[in-house]
Amino acid sequence: MNKLLLACVLLFGLSVSAQQIASPDNNLQLTFALSAKGEPTYALTYKKKPVIKTSKLGIDTKDVAPLLNGFTIDKTETATFNETWTPVWGEEKNIRNNYNELLVTLSQKDQKGRYIRIRFRVFNDGLGFRYEFPEQPELNYFIIKEERTQFALAGDHKAFWLPGDYDTQEYSTVTSKLSEVRGKMKAAVTPNASQTTFSPTGLQTPLMMKSADGLYINIHEAALKDYSCMSLNLDDKNMVLESWLTPDAIGNKGNIQTSSTSPWRTVIVSDKAGDILMSRLVYNLNEPTQYKDVSWIKPVKYVGVWWEMITGKSTWAYNDLTNVHLGELDYSKTKPNGKHAANTAHVKEYIDFAAKHGFDAVLVEGWNEGWEDWFGKSKEFVFDFVTPYPDFDVKELHRYAESKGVKIIMHHETSGSVRNYERWMDKAYQFMVDNGYNAVKSGYVGNILPRGEFHYGQWMVNHYQFAIEKAAEYKIMVNAHEAIRPTGLARTYPNLIGNEAARGTEYESFGGNNPDHTTILPFTRLVGGPMDYTPGIFQTKISAYNPDNNSFVHTTLVKQLALYVTFYSPLQMAADLPETYNKHLDAFQFIKDVAVDWDQSWVLEAEPGDYITMARKAKGKNEWFLGAITDENAREATFTFEFLPKGKTYWATVYADAPDASYDKNPQAYVIKKVKVTSKTKLKQKLATSGGCAISVKEEVK
Ligand code: NOJ
Ligand code: CA
């Protein structure tokens, strides 16, 4: 018995029947054991350093005896898996899925032999484990009171955290010691259209941490289906995190029917920050896609009739009425407010712009009836998703867009009225097919209807899933806003090409995002899947569009460019207005050129909360793109080009902050230069405060 195991036995009264498995590279060691009370426990080390100290596992139940203790080990099985799979879209062409597995079958003698399984998978980049509930006479249906999965941490780590909430992740990340969470919680909970915090030490996942001895640790979940979202509650005396599920309207935290499984609980760990960004563990724990034909799923670069509404320059609504009954108003008899952006002529301007600059699509919001009276009303019948405003000619726009080789992206704001959306869903998707749309941005602003349900509860998790699978029947790609944060399900359902589930660029118009925001999100939110962050804002003063809006973008213009590389997404928007891009066509060239699908990606430098420098190779092309971003501190980024094929010279176009640029005083100052590079080149470039650098590399033009 090794020393750690012996210590566990002595300290926690663990039985000697402990099981151990290691990662394929042997850096991670997982120990499973039962306590003297028959409680399942596990522990994890990385290069012999403790990551998760002995922690309890189990499920507290409401209607049947708890699945917490009194267990004995019936059987343990081990397996090894090693394969490489090809995602439909992604940060690399091939993903390696390599782990050692331990499957433990546990039964409760005093519950007539009722049994569950816990499956552990140890990868080189971390651990995944889940509960499995096989069908059996003694376990058929049960209600979860609370899942009791612990993550006992080895110290008071630095954490990058969001307040735990059943409805939203649209918070600024707080960076603090875990022991400081309680003191900082109140200030961290900023207002949102729908929010339900639950504990003074409640935290969301993905939770990113850094230990004093230099370990980067990320806790999240994978393959969240038919189960409620896991947040974490911190016991700040003992530094133990415990799972905290989202309840339903009557307070239950899960309705389970066997045979089924919980989602995977994930712990990604490394002594290099960049490894967290390169980890594909969450995807690897999801099932391969069963879609037979994926030819209709394509990465999308788009512009949109959107930012002008977000800034307050234009409106989603057609008129200024404040009390509208769906289907009862003849809009053509109402007085238009003159600021309705989604009108046929204006949308055509966007289509022209998209076509001219090679974009795939134009998002159009505010095209349908109901926007006058949609927000914060707990109103069931707000939109029907098929009735355009009188000034939006669906057929003509379909014809026009098609003639220019551009798609229009549909918008379905549900205003949280979910049953209403489901009532209309088939008609709404059929309407899309009939009118040439192949992608929808959906939204769930405000409290959920039926009342009492939360955005992150099991019922809503099932709704988002239903929408994705239903969309697939119609060959529609989905980008869901205000929905559950992703857990790698896009591997199985690759038509889920985007999600919001964090503070996006829109907040730059609602008061601003912190300069370190985008240096953190890739370590947190993006661990589960891509985000529709909507970068590309060149007009950093919002008052230029709306004199009443004093917000400003908390980055330099060049940092906006770099985000297309540092922020991976198969769905990338150029979010600013065409009139602004037309004034900066030289810088806009980078957004036109940058790829949205990749053969390979490399982290050159990274530290959560401080900076990220990445390089990526465009899928199927000899083109590379590099991006570097920094937080409020200016810094010098180092670009190496070792990934380039040796012995060849390439042209790099460098988009850099001007020497006197800064995000708050001089954000639009940039310089563009062309330099020759080879695989041996090392380039140092100064980034302004909240600045960046973007580089495109092409084969030498002879
Ligand atoms: C919030 C979304 O994040 C935003 O993009 C959208 O424009 C509004 N809701 C209206 O649906
Ligand atoms: Ca920082």
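No hydrogens, no waters, no symmetry mates; every other heavy atom, side chains included, goes into these values. In each ligand, atom 1 is the first atom listed, and ligand 1 is the first ligand listed.
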Any idea which atoms of ligand 1 are less than 4.0 Å away from a heavy-atom of [X]?
X: His411; result: 11 (O)
X: Glu500; result: 3 (O)
X: Val445; result: 1 (C), 9 (N)
X: Glu506; result: 1 (C), 2 (C), 3 (O), 4 (C), 5 (O)
X: Trp306; result: 4 (C), 5 (O), 6 (C), 7 (O)
X: His481; result: 2 (C), 3 (O), 5 (O)
X: Lys441; result: 4 (C), 5 (O), 6 (C), 7 (O)

For the 3.5 Å polar cut-off, considering only N or O atoms, please tell me whether Glu365 and ligand 1 meet it.
yes
_So, regarding Trp371 and ligand 1 (criterion: nitrogen or oxygen to nitrogen or oxygen, under 3.5 Å), is there a contact or not?_
no
Going by the 4.0 angstrom heavy-atom rule, the piece of Met309 near ligand 1 is neither
Ranked by distance from atom 2 (C) of ligand 1, the top protein heavy atom is Glu482 OE2, 3.3 Å
Nearest non-hydrogen protein atom to atom 11 (O) of ligand 1, with distance, is Glu413 OE1, 2.6 Å
What I want to find out is whether Lys339 reaches Glu308 closely enough, with some N-O distance under 4.0 Å, to be called a salt bridge.
no
Between Lys686 and Asp657, does at least one N-O distance fall below 4.0 Å, as a salt bridge requires?
no
Does the side chain of [X] pick up a donor-acceptor pair with the side chain of [Y] at under 3.5 Å?
X: Tyr421; Y: His463; result: no
X: Tyr166; Y: Glu453; result: no
X: Ser509; Y: Asn549; result: yes
X: Tyr611; Y: Asn633; result: no

Of all the N, O or S atoms in Asp631, the one nearest to the Ca ion (ligand 2) is OD2
Does the ring centre of [Y] sit less than 6.0 Å away from the ring centre of [X]?
X: Phe588; Y: His357; answer: yes
X: Tyr464; Y: Tyr444; answer: yes
X: Trp371; Y: Phe383; answer: yes

